[in-house]
Amino acid sequence: MSESLAPGALRPGAISTARPSGSRFSAHKIGVSALVLVAISLMLPFASVSHSRIATGQSLQVWDVLDLLGIAVLSAPWAVVLVGSIFRPRSRMSSAMRGGAAASSVVVWMLVSGAAAGPAVQRVGPYARYSLGAGVWLAGFAAFALIISARRELGLGTVPGWVVTLLAPVGIAIAAAMGSLDDLGILVEYHNLGQRFWPSVGQHITYSASSIIVATILGVGLGVVAYRFRRASAPIFSVVSAFQTVPGLALIGILVAPMAALSYAFPALRRIGVGGLGWAPVVLALTLYALLAIVRNTYAGLASVPPQTVEAGRGMGMTSSQVVRRVQMPLAAPVVFSGVRTASQQTVANATLGAFVAAGGLGPLVFFGLAQQANDLVVLGSIALVALALTVDGLMRGLQYLVTPKRIREHMR
Amino acid sequence: MIRLESVSKHYEGAERPAVNEFSLEVAEGEVVVLIGPSGCGKSTTLRMINRLIEPDSGSLFLGDDDVRTLRVEELRRGIGYAIQGVGLFPHWSVRQNIGTVPRLLGWDKPRIEDRSRELLELVGLDPERYLEAYPDELSGGEAQRVGVARALAADPPVLLMDEPFGAVDPLTRDRLQREFLDIQRRLRKTVVFVTHDIDEAVRLGDRIAIMRDGGLVQYDIPERVLAYPADEFVAEFVGAERALKRLSLAGLRSVMRPQSGDCGIDPSVGVNANLREALSRILEVGEGALDVVAEDGCLVGRVSIEDILAHFQRPVA
Ligand SMILES: Nc1ncnc2c1ncn2[C@@H]1O[C@H](COP(=O)(O)OP(=O)(O)OP(=O)(O)O)[C@@H](O)[C@H]1O
Ligand SMILES: [Mg+2]
């Protein structure tokens with residue numbers, strides 16, 4: 001909730017608040033930290049190559065895999081980050097340099113790995129796999145932190161902000177589409193999945209989206225009821241909180257039997273796919289799970305409207321529903337929506353549990369990967385999940401911005 | 001116009017009633033000021049008139065109608081309400097805030113727009129500058145004016161004002177009060193006005209209702225409240241300076257002895273001054289009497305300390 005109430009998150013054009021005060025000469029802290037991480041990452045394994053998909057791999061250092069030119073190419077974007085971190089680090093130019101270089105480094109490191117993978121695999125054998133090593137992930141994390149900070153410094157709604165944000169994902173997508181990354185283990189898994197990957201993503205989105213939509217309608221409704229009728233609030237909160245105390249997997253498990261019974265009792269339900277297994281228990285569980293954040297934020301948002309403002313509305317002759325619709329909901333909207341955003345994050349993550357009731361989605365990729373110790377498959381599923389979560393977060397922030405009344409929005413600047 | 005008949009309200013859990021057997025009649029076109037110490041039930045009384053609070057017993061009438069017989073939203077849309085602490089809607093512009101009740105009444109847009117401009121001018125704010133401003137861009141005094149404009153928006157015959165000039169500095173308050181009197185002279189609303197401030201009550205009220213512990217202690221015109229406080233409590237409440245306050249209610253014109261003569265006299269006092277100002281001037285000059293001049297600076301009369309004393313000793317009707 002503390003996060004949800006931090007209006008700074010919405011500020012377009014905001015400057016990072018973690019600005020060091022005092023000394024005039026100050027390098028960009030995140031930039032320097034990222035550079036330290038990258039220096040460490042060059043010491044860590046750059047890749048691992050194994051004989052087959054599930055065999056234990058042999059770690060390779062960066063100098064085992066690349067020649068000097070390759071290492072120079074890896075370092076180039078980080079040299080730009082270095083310059084952007086110490087030379088007038090507060091200027092927009094430097095922010096753009098850091099963000100742009102960090103984003104390019106992600107693409108460059110992938111391309112270099114992609115190029116190195118082919119020869120490395122050929123040396124080992126026909127079923128050999130090339131997996132990205134810890135060093136690459138660490139550098140990727142450093143780049144991610146820089147991109148996040150740069151996009152905030154540049155402004156979330158601005159063109160440079162968008163460029164910095166989208167450069168890495170778009171670059172990787174293009175590289176992958178052109179086949180430059182085909183020798184990486186992740187891409188091999190992707191191609192092996194063939195027709196199954198994108199439908200899994202689609203299912204995941206469908207389950208998450210329908211749960212969030214239903215939970216939003218239900219949760220906002222329940223939040224309003226809990227606020228308007230004090231007597232209803234205790235029971236409503238205890239019920240929606242109760243769902244949270246049940247572990248997600250158990251909740252889905254609990255729902256299997258009743259859903260199965262329902263589908264037996266009503267064949268019509270069975271025809272639309274409601275049953276003990278499949279989408280029904282997952283969507284239901286995700287919806288119940290998402291309720292708490294939404295109900296709680298709706299309630300808190302309504303309660304945060306000053307009593308005089310509410311009394312003014314009533315005193316002018318608004319009906320109670322007019323007071324809610326015209327005064328309380330608009331003023332509560334930012335808080336309500338950050339509840340929806342929190343719930344969406346949870347939902348995208350929890351939807352993986354659909355794997356256990358044969359509902360599909362991205363869950364099976366991750367869990368089967370884990371079961372078979374096929375690390376690249378796990379990574380592929382995880383990357384898809386992270387990408388999905390980030391996209392959802394971005395969309396939700398956009399929506400939150402749109403539902404916030406203009407004036408309240410400007411308050412947040 | 002407004003009549004309260006032994007109205008009582010006891011909040012749940014409170015040890016004594018907030019308002020107790022309270023009766024009051026407000027005549028059409030009059031300003032009645034409710035005054036009393038904090039917590040004596042002023043706001044509660046006001047809110048019972050527009051049914052934001054329902055009384056436990058007693059009746060309230062608006063005109064000839066018992067307020068309970070009216071649909072509560074209709075009742076409130078017909079009563080202007082300026083709230084303690086302003087209560088402007090922060091997500092709405094000044095135009096939208098002022099248009100609140102007209103929108104509820106279904107007025108069309110151009111009419112609301114015209115009305116908002118007219119009201120901003122009435123309360124002394126430039127429409128071009130303020131119409132599209134938001135509450136957080138307004139100073140305390142400007143916000144209070146907008147609060148008053150909003151209360152007047154649908155031209156209700158009755159206004160309830162709960163410390164509408166509460167949160168401003170003395171100078172701004174003085175100006176707002178002057179404007180209020182000016183507006184009231186033109187519009188002749190029936191107003192129930194709540195304040196803590198006896199000077200404000202004396203200045204604005206046609207009648208003053210002094211409350212204590214939820215009951216009515218005295219209800220009279222300002223001069224009489226000052227001249228004949230009903231009891232020790234009222235005397236203390238109106239303050240040790242009540243004689244001076246009384247002087248400030250009387251104009252010089254009715255007390256001075258008319259004369260005519262030269263122009264450009266000094267020392268002198270303006271004919272529009274009140275007795276308090278005249279007395280202060282006399283004391284300042286130190287002569288016991290002073291020439292009175294009109295706006296053009298020409299002599300119109302003379303006033304002495306004895307004249308003022310004589311005025312003071314006459315009973316208040
Ligand atoms: N909603 C409420 N619930 C319970 N008690 C209340 C409520 N509103 C007011 N009271 C109590 O009733 C009494 C009268 O309150 P009221 O607001 O009418 O006072 P007031 O004269 O307007 O005071 P002030 O000058 O401070 O505004 C106070 O003791 C107050 O604490
Ligand atoms: Mg009050």
Side-chain angles (χ1 to χ4, degrees), chain A residues 5 7-8 10-12 220 224 227-231 233 297-298 300-338 399-413, chain B residues 43 46-53 70-106 132-138 143 146-147 150-154 156 159-164 166-167:
Chain A
L5 290 171
L10 272 183
R11 287 166 62 185
V220 170
V224 171
Y227 180 79
R228 289 262 303 270
F229 308 98
R230 297 292 143 114
R231 232 170 268 160
S233 79
N297 277 40
T298 303
L302 292 174
S304 72
V305 177
Q308 291 132 338
T309 312
V310 175
E311 186 182 315
R314 294 209 305 136
M316 312 258 116
M318 292 185 189
T319 62
S320 15
S321 73
Q322 282 170 332
V323 173
V324 170
R325 284 201 319 270
R326 299 188 185 188
V327 179
Q328 292 181 288
M329 277 318 271
L331 291 173
V335 181
V336 174
F337 230 79
S338 61
L399 269 177
Q400 186 175 4
Y401 185 79
L402 291 179
V403 300
T404 304
K406 179 166 154 277
R407 193 60 203 175
I408 305 305
R409 205 188 284 168
E410 286 178 12
H411 254 302
M412 296 175 163
R413 292 184 184 224
Chain B
S43 298
L46 203 69
R47 288 187 183 123
M48 285 192 289
I49 299 173
N50 64 1
R51 290 183 63 191
L52 284 170
I53 294 172
L70 304 167
R71 201 169 80 89
V72 67
E73 284 84 19
E74 302 297 335
L75 171 78
R76 290 175 187 158
R77 286 170 199 177
I79 298 178
Y81 184 44
I83 193 179
Q84 188 165 9
V86 186
L88 295 180
F89 302 116
H91 58 308
W92 285 352
S93 65
V94 166
R95 182 174 52 75
Q96 290 169 304
N97 264 287
I98 296 179
T100 306
V101 179
R103 270 203 305 284
L104 291 171
L105 294 173
E132 297 307 326
Y134 280 83
D136 65 341
E137 296 167 314
L138 304 176
V146 175
R150 182 174 68 174
L152 288 168
L159 283 181
L160 305 179
M161 308 178 89
D162 197 344
E163 300 191 35

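Every chain is numbered from 1 and lettered A, B, ... according to where its sequence line falls, protein lines coming before strand lines.
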Please look at [X] and chain A and tell me whether the side chain, the backbone, both or neither of the residue comes under 4.5 angstrom of a heavy atom of that chain.
| X | result |
| --- | --- |
| Leu160(B) | neither |
| Arg47(B) | side chain |
| Ile83(B) | side chain |

Does NZ or CZ of Arg150(B) come closer than 6.0 Å to the centre of the six-membered ring of Phe89(B), within 45° of the ring's axis?
yes
So, is the end of the Arg230(A) side chain (NZ or CZ) under 6.0 Å from the ring centre of Tyr227(A) and within 45° of the ring's axis?
yes
Worked verdict on Arg326(A) versus Leu104(B) for side chain to side chain contact (heavy atoms under 4.5 Å, CB included)
CA-CA 11 Å; Arg326(A) 299 188 185 188; Leu104(B) 291 171; 3.5 Å; yes
Evaluate side chain to side chain contact (heavy atoms under 4.5 Å, CB included) for Val336(A) paired with Val403(A), printing each intermediate quantity in order.
CA-CA 10 Å; Val336(A) 174; Val403(A) 300; over 6 Å; no
Heavy-atom distance under 4.5 Å to chain B: side chain of Gln322(A), backbone, both or neither?
side chain
